[in-house]
Amino acid sequence: FAASSMVTLTPQVQKLDFDPAKELVPITNVGTGTQMIAIKRSLPAKTLPEFLAYAKANPGKLNFSVAGTQNISQLAPALLFARAGVNIVMVPARSEPAAISDLLAGNVDLYFGNSSSLLPYRDSDKIRLIAVRTAQRIPAAPDIPTVAETLPGFEFSSWNGFLAPAQTPEPIVSTIRAEVTAFVKKPEISQRLIKLGIEHAPPMITRGVLLDLAGLDGGAHLNPGRAITPDELKRAATAARVAIGPGDIVVFQLPNWLEA
């Protein structure tokens, strides 16, 4: 079980002793994890546009916490600040609980974090939740705007799912996929996930995993700007032993800005 960043982002920024794209086969996802932006409530800003305007007026004077480095916690805000043209200082924390503690204590001004970790603080008198990073507002907090409502096109989310060693027999992969999918669709489970800001989605297969397993990119860096053709998708799915049907989603997980 892993977050998408562990098999798609981590290999781009860290040297691993194995190749996730070649040594793992995707089984199915559990849901799409959402992230949100929380700011210190004492700041003279109540919305994302107000915060960005305040940051532009005070370059280098605000800071943000990250739960570790070289991960979504660092790269997502870096992308946002670059798009918005603001200069905000990074303050690394050892973990997400530590980053949230720093925000609650007033030691930092902003934190990008998992909705499941930040939603319990939506009524806190210490922090304010101002935006979610998904394309649409989330059911668990429909009153909180998306970042895209301020910066059109901005979206940053991740899936969480099951993978297995590449040599796992197909019947085992299919059995686990069917069991996990059925479990996640149970009303009591899906509602619990929604309350945590985790959205259920159809099976997701990363383009990187599919293309690498099918040998379509010849070991070269993936180009997210090139659309995968139906024939490529069929060949890749066959190589990955994944049945892709109507309504399924194929995720092009590597964002364009990482290619720069």
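All heavy atoms count here, side chains included; hydrogens, waters and symmetry mates do not.
Q35 places no side-chain N or O within donor-acceptor distance of the main-chain N or O of S115, the cut-off being under 3.5 Å. Between the side chain of R177 and the backbone N or O of I27 there is at least one donor-acceptor pair closer than 3.5 Å. Distance alone, capped at 3.5 Å, places no donor-acceptor pair between the S174 side chain and the P171 backbone. Judged by distance alone, the side chain of S101 and the main-chain N or O of P97 form a donor-acceptor pair under 3.5 Å.
Counting heavy atoms from C-beta outward, P145 and T47 have side chains that stay 4.5 Å or more apart. Using a 4.5 Å heavy-atom cutoff, the side chains of L80 and I37 are in contact. Put simply, the side chain of Y121 does not reach to within 4.5 Å of the side chain of L103, judged on heavy atoms. Taking 4.5 Å as the limit, some side-chain heavy atom of I88 sits within range of a side-chain heavy atom of F51. Counting heavy atoms from C-beta on, the side chains of V132 and T34 never come closer than 4.5 Å. Counting heavy atoms from C-beta outward, K40 and V108 have side chains that stay 4.5 Å or more apart. The shortest distance between side-chain heavy atoms of V86 and L62 does not fall below 4.5 Å. The side-chain heavy atoms of I144 and M36, taken from C-beta on, include a pair separated by under 4.5 Å.
When the side chains of ILVMFWY residues are joined at heavy-atom separations under 4.5 Å, either directly or via intervening members, M90 and L43 end up in a single hydrophobic cluster. Linking Ile, Leu, Val, Met, Phe, Trp and Tyr whenever their side-chain heavy atoms come within less than 4.5 Å puts F162 and I172 in one cluster.
Smallest separation of non-hydrogen atoms from D143 and R122: OD1-NH2, 2.7 Å. Between R41 and D125, the shortest heavy-atom contact is CD-O, 3.4 Å. The minimum heavy-atom distance linking F154 with A76 is given by the pair CZ-O, 3.9 Å. Here the shortest heavy-atom pairing between S65 and Y111 reads O-CD1, 3.1 Å. Across L119 and A140, no two heavy atoms sit closer than the pair CD1-CB, 3.8 Å. Between A131 and V147, the closest heavy-atom pair is CB-CG2, 3.9 Å.
Distance check, rounded to the nearest 0.5 Å: OH of Y54 to CD1 of I39 gives 10.5 Å. In this structure, the separation between CG on L163 and CD on E23 is 12.5 Å, given to the nearest 0.5 Å. Interatomic distance, L118 CG to F112 CZ, rounded to the nearest 0.5 Å: 11.0 Å. Note that the OG atom of S117 and the CD1 atom of I100 stand 5.0 Å from one another [nearest 0.5 Å]. Taken to the nearest 0.5 Å, the CG atom of D109 stands 13.0 Å off from the CD1 atom of I127. With rounding to the nearest 0.5 angstrom, the CD atom of E96 is 4.5 Å from the CG atom of N114.
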For a side chain to side chain contact (heavy atoms under 4.5 Å, CB included) check, start with the C-alpha distance between I189 and F183, then their side-chain angles and the critical distance, and finish with the verdict. CA-CA 7 Å; I189 301 301; F183 180 77; 3.6 Å; yes
CA sep, side-chain torsions, deciding dist, call: T175, E179, side-chain hydrogen bond (donor to acceptor under 3.5 Å, both in side chains): CA-CA 6 Å; T175 298; E179 291 294 330; over 6 Å; no
